[in-house]
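Have a look at the structure below, then the notes.
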Amino acid sequence: MEIPKTYEPKDCEGRWYPFWEERGYFTPEINTNEDAPVFSIVIPPPNVTGYLHMGHALNHTLQDVLARWRRMAGDRVLWLPGTDHAGIATQMVVERQLDKEGITRHDLGREKFVERVWAWKEHSGGTIQKQMRVLGESVDWTRERFTMDDGLSNAVKEVFVRLYDEGLIYRGEYMVNWSPGLQTAISDLEVEMKSVKGNLWHIAYPIGKAVTERVEGLAEAYAAANEGEAKTGLLSTEAGDFIVVATTRPETMLGDSGVAFNPEDERYNSVKGKQAILPLVGRALPFIQDEVVEKGFGTGFVKVTPAHDPNDFAMGKRHGLEFIQVIGKTAKITDAAPEKYRGLSREAARKQIVAELDALGLLLKTEDYTHNVGHCQRSGTVVEPLISTQWFLKMTELAQPAIAAVRDGRTKFVPESSAKIYFNWLENIQDWCISRQLWWGHSIPAWFTPDGEIIVARAEVEARARLAAQGKDDTVELTPDTDVLDTWFSSQLWPFSTLGWPKETEDLRQFYPTSVLVTGFDIIFFWVARMMIMGLKFMGEVPFKTVYINALVLDPSGQKMSKSKGNVIDPLEVFDKYGTDAARFALTAASTAGLTLALQESKLESARNFANKIWNATRFVLMNCDDILESGEPLEWETEFAPPELADRWILSRLNQVALDANDALAEYRFHEAAALIYQFFWNDFCDWYIELSKPHVTAKEASPQSTAVKRRIIFILERSLRLLHPMMPFITEELWQRLPHQGESVSLAEFPQHNAAQLDGRAERELSVVIEIITKLRNLRATFGLSPALLLKAQIAPADEATREVIESMRDHIQRLARLESLELVETLSAKNGFVRAVVTGAELAVPLIGLIDFEQEKARLEKDLAKKAGELAGLEKRLNNADFIQRAAPDVVEATHAQAAKLKNQIFQLNVMKLTLDL
RNA sequence: AGGCUCGUAGCUCAGGGGUAGAGCACUACAUUGACACUGUAGGGGUCAGCGGUUCAAAUCCGCUCGAGCCUACCA
């Protein structure tokens, strides 16, 4: 059988996904064993507007590795796919479309607009699903969900109503983060703090009487009063008394309704009971005292704007100040401000106010000041804190069980340290503003009566029933609430809403709680914590037993990928260039415990080379084993490896060790370790040694019972290797596995190799390592002296004991061939003749007659170097052994091992010295 | 301002109480019958610095310096 010399991913990647999907391999029902353990994962639903980025590629690859591994290991596996309706993001996509058509959503009206979004979703929303198939993801498409589908919408209503009935959801007027760009309230998590260079303006407010014309000399007086250590915000001048406040947002002064200072700030006792007069407006402001104000910052006086600052809002509540909203929802000055400012933007008002204060002599100082300003994550506009009527979810009480569940280990974070992020947030949690003034999303299940009473219910019918139950008129007109819910309100139900909740479905019974959640650290607050809360609240059980936090993918230079930096790598281009399997393997192999993962070309190249190695190792077998392939019968080790030779016992032992270690590594989410183990086994053990040792028989022109046996064994090991590789590299392994003798219809369903203790063979591993060491040493000598590979050498070996002699004897042909020897003589002691180059390996000494072939000075130098290295090691060991404390306190086995190591080194040093002497003979 | 994480070979990173590993890069040699996306051999690190615990520290603890990330209502 002939196959191409180089692996071409495109030739086979396309064909296998439909094969798997059509045969239903990815549904849990493919596993008919009723006693099979269940393994379930719900995918973090990508935004329906989304396309696959590198973060997904990593996140999805790891989930697929787990799903395929557990499926092959015999579990009933469900990996449930789906997408999120992504309220704001999706609404914006469709609004941009409308914008191109020259209309706005308001032109369409709400109903038509929502229809339009659905239409968009149907036609353009499936990008990510297609890309998931390219990646080979073994998700169960028959159970795909969307956060706005009927089932999930019911779950949302159910949860809302129950939480409301329990008093955990409330509606009220509070200060929220208002996005003027999106025209909606947003949650704290959607606010992005950015460092902005601005100014801190120091402004004088007169006490008692208004300022109507320019006051001279205030700035100088302020500067003079604050020379050196002394600081004060109280100025007494001929023009009267002034206090000084500092602000980064002078435009908000239009809404000031008080001035605050710390109760312990004795500098300002004199102003108690007086009033400041707000410049430009003329409003009288009471002085209040509040702990929040720091004595040491600025002047110690703070202007209080209860309607436009969260702190001031709280102070306003505490002290009964007036709430004057001077900035509106479009970020323009409202009618509550003096007429001349009305309609100005925040920015224009700021400019004008600063200028006017300056003209009045009240602007005392302008400092450069860098501070953090909240920006709307989606629209980028500066968030305006506004008082608005919104729906909120009380979090503190709900958070407690979620904290407890991780503390007591019902849910485990991997890596463990990421739980700190989780605790930190939950322990300082604030109520969550869940309403949004958008059109795309889950409607809030609430209705208003003509009297303005709110009825929360699953449907209008129920709302009327609730009215009737309260003995009220249930025939009144009911107006539905027009707000929608924050997207995360539905996402937080994902682990159970997707399985059918609130119905008690079979899926829910079988797959909840899920086995593991694989996600990024950036949504621990947004999503993970909230799912924990809701899972515990409504299912009474954690939603997942493990949370695996995958790394953040960085660009090759270690920078965070971002559109603005232009360093975003498109995973599809990577799959295209290196092959999907190679990209998947590279990502898996790079998934260490670290928080970040820099995706470098060299890793991808290395993985591509690995795919090619797999291809060619199989190619070698296919090219030489037609006779065996024709029969097509599957191979079992019990029959094939009886009796095994040393190389067979060795490779079986290695295979089993790798199976053991790889299963352990995957069970503990040490992906890189599993990948490295399998890589090394396949390349180093199988290709470099086992195939090389088998070659003479495999390539023998004449078939013989022995060559048949060797070929069958090599095919067996190869077939098991492909199974080990399959979870990480599904396409190439399926392609090749199908060409080998096998049982079953797909490697996807073949058993993942488990270790068999009977095949772990430490003796075989030790014995073959002696052979490997001898061959390597002989090659080393050849390289050191620059001897051509064409030159066949004669060698003597003096084994240290009988057992080693037998091993070497049994492997004599292999050693001769792989070390390119003309003859190999096994002796008791090496000939102490001039012209022999000698070397030591574990368990044997070697000598090669090289007279006339090499420079003996060079050989001496080589021996000196070897001696020096070994002497250094010995010195270290002896220092330890001469230390009485070490002998007394160190573990006995460590002491013993140290003695043994020292003895071995002494012996080797002795031998090396003999060698040096022989050179001089 | 607090918190977290990380400083190990030229690069990217594993490891982790008993004097160090991988991939890539590098050097030499080989070569077209599995594979140049190859083979063979090799060079390269006082594990950031300083102190402490210990018989023993790259590994545990503290401090310093450097890098990154997260949280936060300093006007």
Side-chain angles (χ1 to χ4, degrees), chain A residues 3 5-7 193 200 245-249 252 260 292-294 296-305 309-314 369 371-372 374 385 415 417-418 420-421 424-425 428 521-522 524-525 552 554 556-558 560 578 582 586 589-590 592-603 605-624 670 672-673 676 679-680 687-688 691-692 695 698-699 775-776 779-784 786-790 818 820 872-873 876-877 879-880 883-891 894-895 897-898 901:
Chain A
I3 63 173
K5 205 167 166 178
T6 302
Y7 173 54
M193 299 308 274
L200 189 59
V245 298
T247 180
T248 55
R249 297 195 63 196
T252 62
V292 171
V293 182
E294 281 183 44
F297 187 87
T299 61
F301 279 121
V302 175
K303 64 192 255 328
V304 185
T305 320
D309 181 277
N311 258 336
D312 294 4
F313 177 78
Y369 193 71
H371 59 133
N372 289 324
S417 59
S418 51
K420 287 179 188 166
I421 305 179
N424 188 46
W425 189 66
N428 299 292
F521 71 91
D522 51 330
I524 288 179
F525 312 137
L552 177 71
L554 306 177
S557 62
K560 213 165 163 175
Y578 296 98
T592 66
L595 298 173
T596 57
L597 184 170
L599 189 67
Q600 290 171 310
E601 297 261 327
S602 68
K603 289 176 188 166
E605 279 169 14
S606 159
R608 180 203 53 194
N609 297 354
F610 183 45
N612 194 53
K613 190 72 179 179
I614 297 166
W615 182 261
N616 272 292
T618 309
R619 177 169 179 265
F620 171 72
V621 170
L622 294 176
M623 281 170 62
N624 289 292
R670 288 178 276 122
H672 69 289
E673 201 178 308
Y679 177 96
Q680 280 158 14
C687 292
D688 291 349
I691 289 187
E692 289 306 323
K695 239 173 201 174
V698 174
T699 57
I775 294 169
T776 304
R779 285 168 171 172
N780 176 330
L781 291 177
R782 187 188 288 280
T784 305
L787 302 175
S788 155
L818 295 174
R820 302 193 58 77
E873 274 179 53
L877 293 175
K879 187 179 156 204
R880 231 185 291 167
N883 181 341
D885 285 328
F886 173 71
I887 304 295
Q888 270 180 8
R889 304 198 187 195
V894 171
V895 176
T898 310
Q901 180 66 16

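Below, read A as the first sequence line, B as the second, and so on, with proteins coming before strands; counting in each chain starts at 1. None of the values given here were measured: they were computed from a predicted structure.
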> Do K613(A) and C35(B) share a donor-acceptor pair, side chain to base, under 3.5 Å?
Replying inline: yes

>> Between G45(B) and U19(B), how far apart are the two C1' atoms, rounded to whole Å?
In response: 12 Å

>> Counting only side-chain heavy atoms from C-beta out, which of A41(B), G18(B), C74(B) sits nearest to N780(A)?
In response: A41(B)

>> Using modelled atom types and a 3.5 Å cut-off, is there a donor and acceptor pairing between side-chain atoms of R820(A) and backbone atoms of S788(A)?
In response: no

> Within this structure, what is the CG-to-P distance between L877(A) and A56(B), rounded to whole angstrom?
Replying inline: 16 Å

> Any donor-acceptor pair under 3.5 Å between the side chain of E605(A) and the base of A25(B)?
Replying inline: no

> When the C1' atoms of U64(B) and U12(B) are considered, how many whole Å apart are they?
Replying inline: 27 Å

> Are any of T592(A)'s side-chain N or O atoms less than 4.0 Å away from OP1 or OP2 of A14(B)?
Replying inline: yes

>> In this structure, how many angstroms lie between the P atom of G33(B) and the CG atom of N616(A), rounded?
In response: 12 Å

>> Suppose you measure atom C1' in G43(B) against the same atom in C26(B); what distance do you get, rounded to whole Å?
In response: 8 Å

> Within the pair N311(A) and C74(B), is there a side-chain N or O less than 4.0 Å away from OP1 or OP2?
Replying inline: no

> Of S606(A) and Q600(A), whose closest RNA chain B nucleotide lies nearer the 5' terminus?
Replying inline: Q600(A)

>> Working to the nearest 0.5 angstrom, can you tell me the gap between L595(A) CG and L554(A) CG?
In response: 10.0 Å

>> Nearest whole Å is fine: how far is C4(B) P from I524(A) CD1?
In response: 15 Å

> Does the side chain of Y369(A) get closer than 4.0 angstrom to OP1 or OP2 of C74(B) through an N or O atom?
Replying inline: no

> How would you label the contact of A676(A) with the nucleic acid (heavy atoms, under 4.0 Å): base, sugar-phosphate, or nothing?
Replying inline: nothing

> So what does E692(A) touch, heavy atoms closer than 4.0 Å: a base, only the sugar-phosphate, or nothing?
Replying inline: base

> Can you name the closest pair of heavy atoms from L818(A) and R779(A) and give their distance?
Replying inline: O-NE, 3.2 Å

> Under a cut-off of 3.5 Å for both distances of each Watson-Crick or G-U pair, what dot-bracket string does RNA chain B give, using [ ] for crossing pairs and | for inter-strand pairs?
Replying inline: (((((((..((((....[..)))).(((((.......))))).....(((((..]....))))))))))))....

> T248(A) has a side chain; which of U38(B), G18(B), A75(B) sits nearest to it?
Replying inline: A75(B)

> Would you call E692(A) and K695(A) a salt bridge, taking side-chain N to carboxylate O under 4.0 Å as the test?
Replying inline: yes

>> Does a side-chain N or O of K5(A) approach OP1 or OP2 of U38(B) to a distance below 4.0 Å, or not?
In response: no

>> Which nucleotide wins on minimum distance to the side chain of K420(A), given the candidates C37(B), A75(B), C4(B)?
In response: C4(B)

>> Given the structure, check if the side chain of K879(A) and the base of A56(B) hold any donor-acceptor pair shorter than 3.5 Å.
In response: no

>> With nearest nucleotide decided by heavy atoms, which residue, L597(A) or R608(A), maps closer to the 5′ end of RNA chain B?
In response: L597(A)

> Taking only N and O in the side chain of R880(A), is any of them less than 4.0 Å away from OP1 or OP2 of U19(B)?
Replying inline: yes

>> Side chains of N780(A) and T776(A) only: does a donor on one sit below 3.5 Å from an acceptor on the other?
In response: no

Shorter than 3.5 Å, N or O on both sides, protein versus nucleotides 68-71 of chain B: list them out with atom names.
from	atom 1	to	atom 2	distance (Å)
C70(B)	OP1	K560(A)	NZ	3.4

>> So V293(A), base contact, sugar-phosphate only, or nothing? Heavy-atom distance under 4.0 Å.
In response: base

>> Between C61(B) and G7(B), how many Å separate the two P atoms, rounded to a whole number?
In response: 13 Å

>> Can you give me the closest heavy-atom contact between P556(A) and L599(A), atom names plus distance?
In response: CG-O, 3.2 Å

> Hey, is the main chain of T6(A) close enough, under 3.5 Å, to the side chain of N612(A) for a donor-acceptor pair?
Replying inline: no

>> Rounding to an integer number of angstrom, what distance separates G17(B) and G52(B) when you compare their C1' atoms?
In response: 15 Å

>> So if I take every side-chain heavy atom of E294(A) and compare against C74(B), C24(B), A34(B), which nucleotide ends up nearest?
In response: C74(B)

> Quick one: R779(A) CZ to C29(B) C1', roughly how many Å, whole number?
Replying inline: 13 Å

>> If you only use heavy atoms from C-beta on, which nucleotide in A75(B), A14(B), U5(B) is closest to the side chain of H672(A)?
In response: A14(B)

>> Under a 3.5 Å distance rule, please check whether N424(A) uses its side chain to pair with a backbone N or O of K420(A) as donor and acceptor.
In response: no

> Rounding to the closest angstrom, what is the interatomic distance between C74(B) and A1(B) at atom P?
Replying inline: 12 Å

>> For a quick check of understanding: with a heavy-atom distance under 4.0 Å over all strands, which category does T776(A) fall into, base, sugar-phosphate or nothing?
In response: sugar-phosphate

>> Suppose you measure atom C1' in A9(B) against the same atom in G15(B); what distance do you get, rounded to whole Å?
In response: 14 Å

>> I'd like to know if the side chain of N616(A) reaches the main chain of K5(A), judged simply by a donor and an acceptor atom lying under 3.5 Å from each other, with no hydrogens or angles considered.
In response: yes

> Between G10(B) and U46(B), how far is it from one P atom to the other, in whole Å?
Replying inline: 8 Å

